[in-house]
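Worksheet: the structure to be examined is printed underneath.
Please read these numbers as outputs of a predicted model, since none were measured by experiment. Below, chains carry the letters A, B, ... as their sequence lines are ordered, and counting in each starts from 1. Just the heavy atoms: all of them, side chains too, but no hydrogens, waters or symmetry mates, feed the values below.
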2 protein chains.
Amino acid sequence: MADQNPEQGSLNCFTCQARERTEWCVLDDAELELLNKGRLTREYLPGEIIFHEGDPCRGVFCLETGMVGVRKTDADGNSVLLYLVTPGDTLGYRAMLAGEDYRASAEALEPTRICVIDVPTVRSLLEHNPALGLRYLKRVSMSLGNAEEKILHNATLSVRARFAHLLLVLIDKYGEKSSDGPTEFELPLSRHDLASMIGTTPESMSRTIKKMESDGVARFAGRTVHIPEIEILVQEFEPDHYV
Amino acid sequence: MADQNPEQGSLNCFTCQARERTEWCVLDDAELELLNKGRLTREYLPGEIIFHEGDPCRGVFCLETGMVGVRKTDADGNSVLLYLVTPGDTLGYRAMLAGEDYRASAEALEPTRICVIDVPTVRSLLEHNPALGLRYLKRVSMSLGNAEEKILHNATLSVRARFAHLLLVLIDKYGEKSSDGPTEFELPLSRHDLASMIGTTPESMSRTIKKMESDGVARFAGRTVHIPEIEILVQEFEPDHYV
DNA sequence: TGTTTGATTTGACCATCGTCAATTCAATTA
DNA sequence: TAATTGAATTGACGATGGTCAAATCAAACA
């Protein structure tokens with residue numbers, strides 16, 4: 001794990017660019033001071049583990065730059081990639097709020113700069129500012145809604161439909177927001193990780209991509225994806241969706 | 001929907017038997033008064049819908065007696081049964097806390113008695129009592145952890161292993177808590193609903209049950225299940241678990 | 001430029017599981 | 001008791017998608 005490096009990025013919570021996009025936006029100056037004191041900045045290189053499934057919760061992580069993947073692995077080594085965490089997102093709050101050990105692990109997928117806020121600080125802030133709790137409640141509840149949707153999708157949709165859905169989500173997050181017409185964007189993930197996001201194997205992922213190309217739904221060159229018509233992708237996911 | 005029936009069950013939040021097991025246990029008398037005022041009791045017969053996916057959130061439901069199933073259904077009519085809600089559980093809080101419409105529907109599976117607390121009341125309580133928010137945070141966060149685990153299980157385990165796991169969960173909730181030796185208990189669900197809890201079809205459910213019987217793992221007579229040795233069931237779910 | 005290494009793709013195979021249709025079972029009612 | 005109804009089971013079939021092994025590709029490096 002790389003050491004703290006105050007040269008780049010913001011020096012503290014007051015000047016942090018990401019703050020307005022995080023839960024902390026509801027804190028007043030005194031509370032920000034507390035937050036800042038309970039804070040420690042860390043840097044990770046791709047592949048480095050931020051926390052492991054089963055580890056006791058160390059606090060809440062605020063991602064400043066880079067990208068983190070949240071994975072859950074079973075005894076046989078099978079795993080799913082549950083979340084991609086990007087700047088402005090918080091990480092590790094589920095375990096903290098549930099009062100549990102981590103039930104998933106977090107790994108840097110790119111060079112990543114993160115602040116860790118220790119458990120007592122977060123707990124104290126939560127106990128004194130109901131608005132912060134409400135913020136987290138909203139976040140966790142929406143996340144639960146998404147997880148439940150994923151359970152339904154995985155149970156009822158084909159690999160191809162799930163992949164179409166994943167592409168739409170990734171476009172929404174990493175691509176330009178043109179709702180129709182041709183779209184081009186960069187996948188932030190390897191084939192292996194794409195596969196584990198939709199609960200399938202790299203082999204099936206490959207074949208699905210190939211089939212989609214031959215059907216003219218999308219073109220893949222390495223991590224670059226070209227989609228001639230977004231609407232076609234939507235119909236892959238919702239067969240009865242009409243324009 | 002049956003009308004309010006004050007003859008049976010508790011008359012108000014102060015005398016409610018279930019209260020100590022709910023989030024409301026952190027409220028003081030003044031807050032309980034408010035809760036009680038924002039409350040309305042309803043009764044439902046099996047099959048009756050308490051709320052529908054897409055409906056605007058009406059509040060938080062407290063289950064006093066009976067049982068409710070929370071289902072999520074897609075455009076093609078495929079559905080999964082996400083939760084079984086039993087007395088002392090709360091229902092519908094996810095949508096309320098996320099500030100969303102319901103993203104699943106709730107249906108009475110047995111004759112059921114529920115209190116509804118309207119949105120403004122819950123919101124007011126949450127804004128003034130951080131402890132209540134923390135309670136809900138814990139509940140939603142643990143629920144999210146379980147949902148994420150389910151995503152992993154559905155992606156990596158066979159129907160049979162998932163069913164073994166479901167049986168263990170149901171035994172833990174509805175059976176006697178003997179950790180070893182023979183166990184007998186009543187399934188609270190039809191074959192169809194068992195299937196939709198693990199994301200499969202009634203046909204596959206039937207065949208899985210048949211296979212488990214012929215393997216001596218369990219015996220099924222209608223809704224009565226007899227398990228000669230719990231540990232065998234655990235091994236179905238975790239093949240490398242050792243005694 | 002050749003080599004190494006890991007990612008990706010392809011091929012071959014087949015197990016699991018979903019689908020559809022028919023049958024059996026069980027509970028309720030005429 | 002016979003008839004009705006919906007749930008559960010069984011059979012037959014095939015598609016989807018997983019597994020394993022081999023081949024190919026691409027990036028980093030000597």
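For the pair Thr112(A) and Glu48(A), the minimum side-chain heavy-atom distance is 4.5 Å or more. Tyr102(A) has its side chain within reach of Cys57(A): a pair of non-hydrogen atoms, C-beta onward, lies under 4.5 Å apart. At least one side-chain heavy atom of Glu148(B) sits less than 4.5 Å from a side-chain heavy atom of Tyr83(A). Here the side chains of Arg223(B) and Pro188(B) are not in contact, with every heavy-atom distance at 4.5 Å or above.
Residue Thr201(B) has no polar side-chain atom (N or O) positioned under 4.0 Å from OP1 or OP2 of dC17(C).
For the side chain to side chain contact (heavy atoms under 4.5 Å, CB included) criterion with Ile227(B), the lone passing option out of Ile171(B), Val217(B), Leu168(B) is Ile171(B). Each of Ser204(B), Pro202(B), Ser196(B) was scored for a side chain to side chain contact (heavy atoms under 4.5 Å, CB included) with Thr200(B), with one residue passing: Ser204(B).
The CG-C1' distance, from Asn78(B) to dT19(C), rounds to 12 Å in whole Å. Nucleotide dC17(C) holds its C1' atom 10 Å from the CZ atom of Arg162(B), rounded to whole Å.
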Per-nucleotide protein contact string for nucleotides 4-15 of chain C, where B marks a base within reach and S marks sugar-phosphate only (heavy atoms under 4.0 Å, - for neither): ----SBBBB---
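Side chain of Arg58(A) to main chain of Ile50(A): a donor-acceptor pair is present (N/O by atom type, distance under 3.5 Å, no hydrogens or angles).
Here chain A contacts DNA chain D (any atom closer than 4.0 Å to a heavy atom, that is under 4.0 Å), and the contacts span dG17(D) to dC20(D) from 5' to 3'.
Comment: Arg94(B) engages Glu100(B) in a salt bridge, judged by a side-chain N to carboxylate O separation of less than 4.0 angstrom.
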